[in-house]
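Structure first, then comments.
Residue numbers run from 1 in the order of the sequence given.
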Amino acid sequence: MIEDFEDKTYSKAKSTVPFQFLLKVTAPGSCVAPIIDVEKCSLGEPGELWSTEVTASLQEDSDATTITEIQGSYPKGMRVEYVSGYGPNNAIVKVRVTFRPMKERTYVYSFTATDNNGVQSNPTSGRLRVSSKFFQQVAVEPPAILPHLSTPAINTVYDGNEEMWILKFDSPVTRPERKSFIRIREIGSNKVITKYNALDPNVVKFSTTDPTVVHYPAPEGLAGGKAYLVDVDRGFGVINFKTPCGDSASAASDHTIYRFDTAKPPQPEVECGDSYIKVRIPKSKVKNIPASKLHLHDPRCKVKQVNADYYEIKFAYDECGTTIKKVSKTKTRFFNTIRDDPKPIFKGAPVTREKHKIEMKIICEMKGLGVSDVYFKPAAALKPKKYKATGEFQTYLRMYEDSTFSKQISGTAAVELKEKLYFAAHATTPGKEVAIESCRAMAKHGTCTENDKKYTFIKDGCAVDSTASISSDFTGLGHNFLIDSFGFLQYGLTNEILVKCKMVTCDPGVNDSRCSELKRGGCVPRSRRSLSFEKETDAFMTLTIE
C-alpha cells in the first residue's frame, strides 16, 4: 500500500491507498525480444535522394513466430514503407526508408520491432550526415599475409636457424584486441607443434620500425624431412581507421594457411679408405650424447668430437673388434657398430636391463684383393693329426612361453629387455632326475677383447640375480628357473646371448644325491666327488635381445 504523511516527523498517515499489481508468468522464450538491424551511419548531399533498409528478425531462443510491426521515430519528410514480401506477421520483416534532405546537418532516426508475444526490442538508432562537400567513403581493404615474403616462405625447404620467424603483411598492421593464433601443424597427423597468441606482447612482437612485419619465436621440436603448415587465424593483424561518420572501425586479416618443409637432417658419412674406415656423425643423429660415451665393439675405440656439430672416428679394418665377412672371391664386408653404454644392473656388472640409446651399424664393402684375401702356410708347420670321438649330453635346456611350462619356444628366442623368461632343465634319459648347479651367460658375438665378460646368475644351485628364482617341476624330476632378460654392455655385431648351464643328473629318490641337495636349496657348493649314479653335464641356449 501507499501512505502519505504531513511531514517526516509524523507517524500517522493522512491516507492509505492499497497498491496492487499483476504478475504474468510466461515461458522463458516468450520474453526474448526481436533483433533490429539499422544502418549506423550514412552520408548524403543536400537535395539527393537517400534510402536504407531496416530489418527485424526473431532470435534463435525466442518462442515467438512472427514480427507484428516495426515502429520508428524519424525526421519529418522521411518515408517508411514495408518491403514487398517482408511485411508484418513474418519471421523477418523489412522496411525501406527514403528521404531527400535539403539542409546540411545530421539527421537521427530510431526504430524498434514487436513480436507476436508483445515483446518489443530496444530502440536502435542511425545517423545520416548531409553536407554539400563530396563525401567519398573509401573502402579499407583488410591486410593480407604475404607467405612468399614470410619466414619460412611458402612451399620452400626451411633449413635456417633463426631465433625469430616473420609474418609479412601487405600493409601496416596493429595488434588485435581479441585472441588470434598462429599454429604450426604437422601435415598428416595435423598435430599442433606449437601456437602463439597475438595478444601476448612477450612472445609476438609487432614491429615499430616496420609495421608490416610481425615477429614470433621459431618453434622447437620440428623434425627434419617433414612437411608443416603455418596456420594463421583470421584477425591476427588488423588495420584501425575512422569512418567518414567519425566512427572507429577496423579491417582484419583473413584466415591464412601455407606449407613449408624442413630440410632432411644430415646423415652419417662413412669413408672406406685403402687402410682405414672413417665415420663422420652429426651430433643430432646421436641425440647429442657426448662423444666420450660412444664407442665401437671394442669400448677402447671411442668417438671424438671434431667441431660443434660433428663427431668422428677413424680405425683400421682389423681394429676395434671389426667383423670381417667374405662375400665373394673379390668382395669383403667389414662390420662394426657405434653404440653407447646403458646403466648396468649393478655397479661393475657386465649386463644391463636398459636399452642402448644408440646402435649405429657401420659397413664397408671392399672390392679387389685385400689383406684378408692372401694366406700362406709355412713349410715348417706341423701337419695336424685328427682324433675323433662321439658323445651325448645328459641334459638339455628349453625355454617356454609362460609359467605353465606347457608351450615350448623353438629356435633362437627373440626377447625384449626385462621380459620374464621361463627355462626348464630336462634329463636326456627318461626317468632320470636333473638339477641345475650353475648358469651363466656370455655374448655370442664378442668384441675379441678383455671386455668380453661372463655373467653368472645361478651359482651352487642358488639364484644370485635379483630377478631369478628356481623351483622343481610338477614331476619332481625336472628343474625350472625364471629370470628377467638382460643384455650385455659390450658385444660384437649382434646382441645375441649364449646361456650355458651346468647340471647334474641322478637316480630319482636318493635323498643324499647332489640333485636332492641342490633342490633343497641352501646354496651348498660341491664338497665331495660325484657318486656313481650322478653325472655332470652342460646345456646351451641362444637368445636374441631386441
message = Tell me every residue that passes side-chain contact (heavy atoms from CB on, under 4.5 Å) with Ser189, counting only those two or more places apart in sequence or in another chain.
response = Glu186, Lys191

query = Any salt bridge between Lys304 and Glu312, counting N to O under 4.0 Å?
reply = no

ask   = So does Lys420 pair up with Asp402, basic N to acidic O under 4.0 Å?
value = no

inquiry  = Can you confirm whether Asn288 is buried at CG, in the sense that more than 12 heavy atoms of other residues, nucleotides or ligands lie under 6.0 Å from that atom?
reply    = yes

request  = Answer yes or no: are there more than 12 heavy-atom neighbours, outside Lys302 itself, under 6.0 Å from its atom NZ?
outcome  = yes

ask   = Mind checking what makes side chain to side chain donor-acceptor pair (under 3.5 Å) contact with Ser121, not counting sequence neighbours?
value = Thr112

inquiry  = I'd like to check the side chain to side chain donor-acceptor pair (under 3.5 Å) partners of Asn451; sequence neighbours left out, ordered by chain and number.
reply    = Thr449

inquiry  = Is the ring pair Tyr491/His356 parallel, tilted or perpendicular, if the boundaries are 30 and 60 degrees?
reply    = perpendicular

request  = On the 0 to 90° scale, with breaks at 30° and 60°, tag the Tyr74-Phe111 ring pair as parallel, tilted or perpendicular.
outcome  = parallel

inquiry  = Side chains of Trp165 and Tyr158 only: does a donor on one sit below 3.5 Å from an acceptor on the other?
reply    = yes

inquiry  = I'd like to check Pro142 versus Ile239 (side-chain heavy atoms, cut-off strictly below 4.5 Å). Are they in contact?
reply    = no

ask   = Checking Arg175 against Phe206: charged group under 6.0 Å from the ring centre and within 45 degrees of the axis?
value = no

query = Under 6.0 Å between ring centres, would you say that holds for Trp50 and Tyr109?
reply = yes

